[in-house]
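To find a chain, count down the sequence lines: A is the first, B the second, and so on, and within it residues start at 1. No experiment lies behind these values; they were computed from the predicted model shown.
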Amino acid sequence: MSEPPQKRSKMAEAGPSTPVHNPYLDHRPQNGYASGANGVGAANGGGKVKNPLNGLVPRKVSVQQCKDIMDGDVNPFKGLVPFTPNYRKILEQRKGLPVYQKMQEFLTVFSENQITVMEGQTGSGKTTQIPQFVCYSDLPMLRGKMVACTQPRRVAAMSVAKRVADEMDVQLGKQVGYSIRFEDMTETGTTFLKYMTDGMLLREAMNDPELSRYSTIILDEAHERTLATDILMGLLKDIAKNRADLKIVVMSATLDVGKFQRYFGDNAPGGLAPVVKVSGRTFPVETFFTQEPETDYVEAAIRTVLFIHQAEDEGDVLLFLTGEEEIEDACRKIRAEGEELSGKGMAGPLLVVPLYSSLPPHQQQRIFDAAPPPRADKLPGRKIVISTNIAETSLTIDGIVYVVDPGFCKQKVYNPRIRVESLLVTPISKASAMQRAGRAGRTRPGKCFRLYTEKDFVKELEEQTHPEILRSNLANTVLELIKLGIKDLVHFDYMDAPAPETIMRALELLHYLAALDDEGGLTPLGEIMAEFPLDPQLAKMLIVSPEFGCSNEMLSLTAMLSVPNVFMRPANQRKEADMAKAQFTHPDGDHLTMLNVYHAYKSAATNEGDAKNFCWQNYLNARSLAQADNVRTQLKRSMEKFDLELVSTAFEDKNYWNNIRQALTCGFFMQVAHKEGERGSYLTVKDNQVVRLHLSCGLSTTPEWVIYNEFVLTTANFIRTVTEVRPEWLMEYAPQYFDPSTFPANSETRRALERVVKKRSDKSGGTGADGVEKKKKKRKADK
DNA sequence: GGGTCTACC
C-alpha cells in the first residue's frame, strides 16, 4: 500500500488542525463503529492492511484522499474487507458521470462552508454521488453520526439507496439505508448514509428538534418545493445557527439557483451561499411553438400526435394532459384515428397507453412496453404515452423522442377565505415546460411540440410553479411547526411566506379543535394530535373515539379517509360499479358506507388472492384498501403508544352507528352544511357557500344537517363523503362554534340552532356541562 | 346533470 494519504494532502496542510494521526479514530470502540463482525480486526488479517481512513481529518479531506479511498484495495466502511470486482466495475461508470469532474470543487466548498448549494441538471449523477462525496469528507461514522439525503418521493429514496449501497459495496440497510413511512431500512450504529423522504425527516425533527443525529443534511430536489422541503429549509436555517457542527447541502435542478443562494446566504460573503454547478448529460431537444393560440388543447394535441405519427421519424411520443377522463378520452380518439390511418396505409401501427397514478400497477407497467413492430410495408410502429404530470417528475420513460405539451396541468389551489382546497386546470410554468421538453432528450436528440405561441410562453407563463406551501391548507403544517417549537408562525423564515390568512385559518381550526390553548401553545390533546400522521380533524376524531366506545371503528374510518378513493367506476361499467357500491351503502352517510366496505373487505380477504378477488368483483380499488389496512396498523400502534383504549360498541347496540357519528362530529364540526329550502341545496356553516351533495353521495334522504369530508369545486360546488348529524351533537361537542349568537340574526342556520336550544332547555331545564366531559362521565358510570 | 394532478407523514 502507498504512503499514508495525509502526507500528500494539500488540503490538510492548509488547515489549522492538521494532525499527525487521526484523533477521531481513537474513539472507534465507543461509538459502535468497526466492532464485532464488521470490525477492522476481523478482516484485516492481523493489522497488515492499513485503514485508508487513517490520518483523515473530517471535512478537510482532499480530492486525492477521496480518490485513494475509492481506488483502494479494501472497503474502509465495511471492516476493511477487499472491494469486490463489481465495485470496481461500477466505479468506472461513476467516474464517467459529469459530477465526478466536480469532486474537487465540491469538496473545497463543502469544507469551507456550512451551507453549500448544488445545482445539477438531470443525468449529472448528483443524487448518487454527492452524498458519497459528503461521506468521504464528513466521515460521520467516526462520530456516531449520519448523513441524511432527503427525496420528495418514497420510490426515489428506496431505489437510490439501493444503487448507492451497491456503489459503496455494502449491503442495503447496513452502512447505507433508507427510511420511508412504513419501512425503516437502517441499522442503528451501522447506517451512516440514510436516504429518506422529506416528510420523514420532518417527523424526526418533531422528536429531535436539533436533528442531532446528523452531521450533514442534504436536501435533494429542492426545486420541487414540496411542503416538507420548504419547512425543512426554514428549520435547517435556524438549526444551523445553533449547531456550528451541522453542514447543509441544498441540491436543485433548475436555473433558479440564485433564490436558494440568497435564502441560505445570510452569513455568506455578498449574501449568497456558495454554489457548485454541474451540467447534465442529456441530448438536445428542438422546440416548436404554434403560430396561433389553440382554442381546444385536447383536439390540438390529438391532431399533433397524429401528425407526428405520419410525418416524423421513428420514436415514441409522450403527450401531457390534465386528468384521467381527458386521458382516456384522448386514448380512444387516437386509437380510432390511428387505425384508420393504418388501414389506409398512411402510417404504421400504434400502441396508445394511458398513464396516471390511480391506474393499477400492471397497467402502469404498459408504458414500458415496446412500440409495435413495423408493418410489412416498413411504416414504423410507434408508442404513444398519454400522461398526467406523473411523467414530469415521478416516472421516466426511456425511448421518448417526441413530447407534445399543451401547456396545462391540474393543480391544487387553496382559498383561505372560504377554506377550500380544490383542483383547477391551470397553465404550467416555464420551469415545468422545460422539464416536459427534457423528457424528449433522454436517449437521443428529440423534439418538443408546444401547443401555445412563443409569445405566450415568454409573457404569460410564470417562471416557476408556485410552491406547494402557497397552494395548500396549512392546518397540518401549522400543527407540526408548533410541535417543532416555532412560536411565531407568521415570521418564521419561509422561503416563500404563505398568506397570513392561511396561517390564521389553520390556527383557528386548531384552536376550535382544542389542540391549542389561549397562548397558542399545544394542549395535551394537541401534543398527541401532532404525533398522528393525519390531518388534525382526523386525529381529533380518532383520539376522542374511546370516549364514544368506537375507537376500533374510527381507526378503520380514519385509515379509509387517508387513502385514495376505494370506489372504482370504469367508463364502460358504470352501472355495474354503482350496483356493487349499493350493497355497501349505509342510508345515514358515506362515512358509514366506507366502514361497511372496510369490514366486508376484512372478512372476505383472509389472504392476498381473496382480497384481490373481492375487490375485483365489487369494483373496489385493491391498492387503496391494502394501503388503508397498512395505515390502520400504523395508527393502531400510535393509539397504543398513548394508552388510548381500543374499544367497540356491540353491533347490536342501537348506539353503534350513533357513537361513530358523534366521534366524527368531534373532529369535523367545522365542515357542516345546513339544508336551505327544499331543492337539495345546502349552505356551509359560517362560510355560507352554496353547495350540493356530490353525485357519489349515498344518503337516502336530504337531511337537515350534514358533515362532509371534502368540498369539491368542479362544475359547481359539491360536498363529498357526507353523513347526517344531529344538531344536538354539534351544540354539545362544539358549543363555541355553534353558539347561535355568533350567527347573523335571521339567518336560517341561527334560527335552526335556536330551535334546538329551546327544545333542550324545555327538556332538561338547563344547558349542562361540556359535552365530551358529560360523555366521559356517562361511560364511566356505564362500567 | 353533475365525477380524482402529484406526492408525503
Could you give all pairs that pass the salt bridge (Lys or Arg N to Asp or Glu O under 4.0 Å) test and reach residues 708-719 of chain A, with sequence neighbours left out?
A:Glu710-A:Arg720
Under 4.0 Å, heavy atoms only, any strand: does [X] hit a base, just the sugar-phosphate, or nothing?
X: A:Glu324; value: sugar-phosphate
X: A:Glu224; value: nothing
X: A:Arg181; value: base
X: A:Leu202; value: nothing
X: A:Leu695; value: base
X: A:Arg692; value: base
X: A:Thr226; value: nothing

Specify the residue among A:Asn389 and A:Phe532 whose closest nucleotide of DNA chain B lies further upstream toward the 5′ end.
A:Asn389
Footprint ends on DNA chain B, 5' to 3', for atoms under 4.0 angstrom from a heavy atom of chain A, come out as B:dG1 to B:dC9
Is it true that A:Glu640 and A:Lys636 make a salt bridge, defined as a side-chain N closer than 4.0 Å to a carboxylate O?
yes
Using a strict threshold of under 4.0 Å (side-chain N to carboxylate O), is an ion pair present between A:Lys641 and A:Glu531?
yes
Heavy atoms, side chains only, cut-off 4.5 Å: are A:Met196 and A:Thr150 in contact?
yes
Give the C-alpha distance, both sets of side-chain angles, the deciding distance and a yes or no for salt bridge (Lys or Arg N to Asp or Glu O under 4.0 Å) between A:Lys259 and A:Asp496.
CA-CA 10 Å; A:Lys259 186 161 184 169; A:Asp496 285 286; 3.0 Å; yes
Could you work out, with ring pair (Phe, Tyr, Trp, His ring centres under 6.0 Å) as the rule, every residue matching A:Phe532, not counting sequence neighbours?
none
